[in-house]
Peer 1: 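Here's a structure for you.
Numbers restart at 1 for each chain; the letters A, B, ... are given by sequence-line order, proteins then strands.
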Number of protein chains: 2
Amino acid sequence: MRQTMQHIKHLLGEQGHSWTRARSAVLTVLTTVPSPLRAEEIHRTVRSSGINLSSVYRALRLFETLNIVRRVELGGAARYELADDYRHHHHHLVCDACGRIDDVATCPVEAADLTRQIRKRTGFAVRSHVLELFGLCRSCRRDGR
Amino acid sequence: MRQTMQHIKHLLGEQGHSWTRARSAVLTVLTTVPSPLRAEEIHRTVRSSGINLSSVYRALRLFETLNIVRRVELGGAARYELADDYRHHHHHLVCDACGRIDDVATCPVEAADLTRQIRKRTGFAVRSHVLELFGLCRSCRRDGR
DNA sequence: TTGATTTTGCAAATCATTTGCAATATATGC
DNA sequence: GCATATATTGCAAATGATTTGCAAAATCAA
Ligand SMILES: [Mn+2]
Ligand SMILES: [Mn+2]
Ligand SMILES: [Zn+2]
Ligand SMILES: [Zn+2]
């Protein structure tokens, strides 16, 4: 999305970071593909532009600290997707059989106001949470796996 | 807990696995310490018995597949704790400042009956979920970090 | 106790990710 | 645009966590 790219480019400038081919390319992939991708998957689509895997990792790391991208851990290599500031806060349904990953907008942590409950009960101030749901997607279920 | 150890020993036998010094030692640690531990931390307390780090990893892997232990991913090395069959289903509060890890019994996924809702809406059959909460524990909050 | 079967210690391999460094690209002020 | 100070990159080597091959040692069932 052009809007998002422009905004992020500007943000990088403000923070004293350059707008480089590598960063731009990685970001293009992430704004294009909705599911969380591995560094290696991102690299596969930008390597033709002569961009090194290390640079992909470096770009992702920078984006993560700037809250542009968030890391998603689903077992194995980490995955990355645009952060909540650019896409609705959401969680994932991961199919154990075929590996398909879908978004779920429903957040039970927000729905239950869990953050407030925990703060009241324990004094712990929740600032973020990780929630991932695993199971079988409709079609794998049909295939009786 | 003696009860738990006996039960697991019996379970291993049933499934054709031996009851070995390494497995017994790892299990003793896990039934003793309530917070999720890293392989290396477990090893530190059993190395004196001449047990190798590889064996700790192998024991943990076996226990995981037998649903005796569950892996907890909180960033960095994986951690392991007794599985839900032996301890209440629960999640964690991880303090970003001091690293303290507490259990939370409240499960918003169960509370919201999210599994059923998702199945109805999307056909996806949720079988398990991962939820970890990050923030500042009461005392780190007081210290104003 | 014994022989068949598992498991272990150890070292080397693997996998994801990070890092040092010299070469290259980007930004900024002419 | 052009020069140049600074930031970034490619590449290869390092790292940290976890896994693996294999011969030796432990466990198990008879
Ligand atoms: Mn997503
Ligand atoms: Mn726990
Ligand atoms: Zn949420
Ligand atoms: Zn739960």
Peer 1: So, is B:Asn52 close to the C:dC10 phosphate, meaning a side-chain N or O under 4.0 Å from OP1 or OP2?
Peer 2: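 Yes, within the criterion.
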Peer 1: Expressed in angstrom and rounded to an integer, what is the separation of B:Arg23 atom CZ from D:dA26 atom P?
Peer 2: 15 Å
Peer 1: Taking the six-membered ring for Trp, are A:His43 and A:Tyr57 closer than 6.0 Å centroid to centroid?
Peer 2: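 Ring-ring flag for A:His43/A:Tyr57: false, centres at least 6.0 Å apart.
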Peer 1: Could you state the atom-to-atom distance from CG of B:Leu37 to P of D:dA17 in whole Å?
Peer 2: 15 Å
Peer 1: Could you state the CG-P distance from B:Leu62 to D:dT18, rounded to the nearest angstrom?
Peer 2: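 Computing the B:Leu62:CG to D:dT18:P distance gives 17 Å.
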Peer 1: Rounded to whole Å, how long is the line connecting atom CD of A:Gln15 with atom P of D:dT8?
Peer 2: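 Computing the A:Gln15:CD to D:dT8:P distance gives 12 Å.
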Peer 1: Just do the side chain to side chain contact (heavy atoms under 4.5 Å, CB included) check on A:Val72 and A:Tyr80 with the steps written out, would you?
Peer 2: CA-CA 6 Å; A:Val72 182; A:Tyr80 302 83; over 6 Å; no
Peer 1: Rounding to an integer number of Å, can you tell me how far B:Glu64 CD sits from D:dT18 P?
Peer 2: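 For the pair B:Glu64 CD and D:dT18 P, the rounded distance is 11 Å.
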Peer 1: I'd like to know if A:Glu81 pairs up with A:Arg87 as an ion pair, taking the criterion as any Lys NZ or Arg NE/NH1/NH2 lying under 4.0 Å from an Asp or Glu carboxylate oxygen.
Peer 2: yes
Peer 1: I'd like to know whether NE2 of B:His10 has more than 12 heavy-atom contacts from other residues, nucleotides or ligands below 6.0 angstrom.
Peer 2: no
Peer 1: Once you apply a heavy-atom cut-off of 4.0 Å, does A:Gly50 come out as touching a base, just sugar-phosphate, or nothing?
Peer 2: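 Since only primed, P, OP1 and OP2 atoms lie under 4.0 Å of A:Gly50, the category is sugar-phosphate.
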Peer 1: Rounded to whole Å, how long is the line connecting atom CD1 of B:Ile51 with atom P of D:dA26?
Peer 2: 12 Å
Peer 1: Is the shortest heavy-atom distance from the side chain of A:Thr106 to the side chain of B:Arg121 under 4.5 Å?
Peer 2: yes
Peer 1: Using a 4.0 Å heavy-atom cut-off to protein, can you give one letter per nucleotide of nucleotides 16-25 of chain C, 5' to 3': B if the base is in contact, S if only the sugar-phosphate is, - if neither?
Peer 2: SBBBB-----
Peer 1: Return the set of residues passing side chain to side chain contact (heavy atoms under 4.5 Å, CB included) with B:Ala25 (not counting sequence neighbours), or none when no residue passes.
Peer 2: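 With sequence neighbours excluded, B:Ala25 shows a side chain to side chain contact (heavy atoms under 4.5 Å, CB included) to B:Val46, B:Ile51, given in chain and number order.
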Peer 1: Whole angstrom is fine here: how far is it from CD1 in B:Ile42 over to P in D:dA17?
Peer 2: 14 Å
Peer 1: Are B:His92 and A:His129 close enough that their ring centres sit under 6.0 Å apart?
Peer 2: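 No; A:His129 has its ring centre 6.0 Å or more from that of B:His92.
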Peer 1: Nearest to the side chain of A:Ala22 - D:dG10, D:dC28, D:dT9?
Peer 2: D:dT9
Peer 1: Rounded to whole Å, how long is the line connecting atom CG of B:Leu12 with atom C1' of C:dT5?
Peer 2: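 Distance, rounded to whole Å: 16 Å.
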